[in-house]
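In each ligand, atom 1 is the first atom listed, and ligand 1 is the first ligand listed.
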Amino acid sequence: MRLKSKDILGLEEMGADEIELILQTATSFKDILNRPIKKVPTLRGRSIVTLFYEASTRTRTSFETAAKIMSADTSSIAAATSSVVKGESLKDTVLTLQSMRPDVFIIRHSASGAPHFIAKLVPSSVINAGDGMHEHPSQGLLDMMTILENKGKLSGLTVAIVGDILHSRVARSDMWGLAKMGAKVRFVGPKTLIPPEAAKLPVEVYTNLEEGIKGADVVNVLRIQLERMKKGLFPSLREYSQLYGITNERLKAAKDDVIVLHPGPMNRGIEILPEVADSSCSMVTTQVTNGVAVRMALLYLLMGGSEDVTAS
Ligand code: CP
């Protein structure tokens, strides 16, 4: 089985069979990360351009690491140090880079839909590494891989996504992916941080934190995205933390074996307390490791890989 599209733009448009294929492939690749020599020749001669119009630590490094492990060549463009600062448009930037014949573009942009625009413009594959408040599909996939590793299944689980859901592309990718895989998804947060269209989405909405995480198998805590807030959506960070900050005490409402996810970067002491972030139920660093495996799988599947790269 192969992926149906040349691009990875979002999990809303992806089938459950494709998600399963990506997760299985990523799981088989994870072993490579534990080898002393983390290098396989699978994508030798292939080239990848990362094009980031917004800041990133995890996603960009993770895609670059994944590409290097698979022996692909990478070029990294950050908008702040490119001809974008001289006024070059997204279209002209991409057409310039396309002239160098990359196999895959990986793009992060503040405008929802920017990767979709590029995908129509170029014959190369395009991976959405986060577009505005829309989707962040590779994060959704690595979150699902982390849950699957810990719980052995996705179907039937209750996943509470807590915090700034309004501005979160992670919440949207998690929601579409998890719902397709049969999990029950809850959006939990103050009314001002819940998307107005939530009633039409495959989620249950809770404004009370204790009720929202009650009986949950997974609590996925989201960062408060102050940079995307044009107006005050809650009185103060202190008040937000008092009402919605995830503490060990509050986690007692969830299942005994609950795991806690956070896509990062964390605002410690605001949406998540250090006592939770550094506890054994926190999967934050595992998510980062799984991110490399998921991105290896995406690159491999997009570039038509079929050989068994896990054989040493
Ligand atoms: N989770 C995530 O997208 O992190 P970065 O912004 O550091 O890439």
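For atom 2 (C) of ligand 1, the nearest non-hydrogen atom of the protein is T59 OG1, 3.5 Å. Distance from atom 1 (N) of ligand 1 to its nearest protein heavy atom, with residue and atom name: P263 O, 2.9 Å.
The contact set between ligand 1 and T57, taken as ligand atoms under 4.0 Å from a residue heavy atom, comprises 5 (P), 7 (O), 8 (O). Listed by number with element, the atoms of ligand 1 under 4.0 Å from a non-hydrogen atom of G264 are 1 (N), 2 (C), 4 (O).
Not a single heavy atom of G130 sits under 4.0 Å from any atom of ligand 1. Under the 4.0 angstrom criterion for non-hydrogen atoms, R108 is in contact with ligand 1.
Between the side chains of N128 and D131, at least one donor N or O sits under 3.5 Å from an acceptor N or O. Side-chain contact annotation: T146 with N290, donor-acceptor N/O pair under 3.5 Å present. With hydrogens and angles left out, the side-chain atoms of Y240 and Q242 include no donor and acceptor closer than 3.5 Å. T247 and E275 share no donor-acceptor pair across their side chains, judged by distance under 3.5 Å alone. Between the side chains of R60 and T50, not a single donor N or O lies within less than 3.5 Å of an accepting N or O.
A cation-pi geometry, defined here as NZ or CZ lying under 6.0 Å from the six-membered ring centre and within 45° of its normal, does not hold between R108 and F52.
Considering only non-hydrogen atoms, atom 4 (O) of ligand 1 lies nearest to R58 out of H262, H136, R58.
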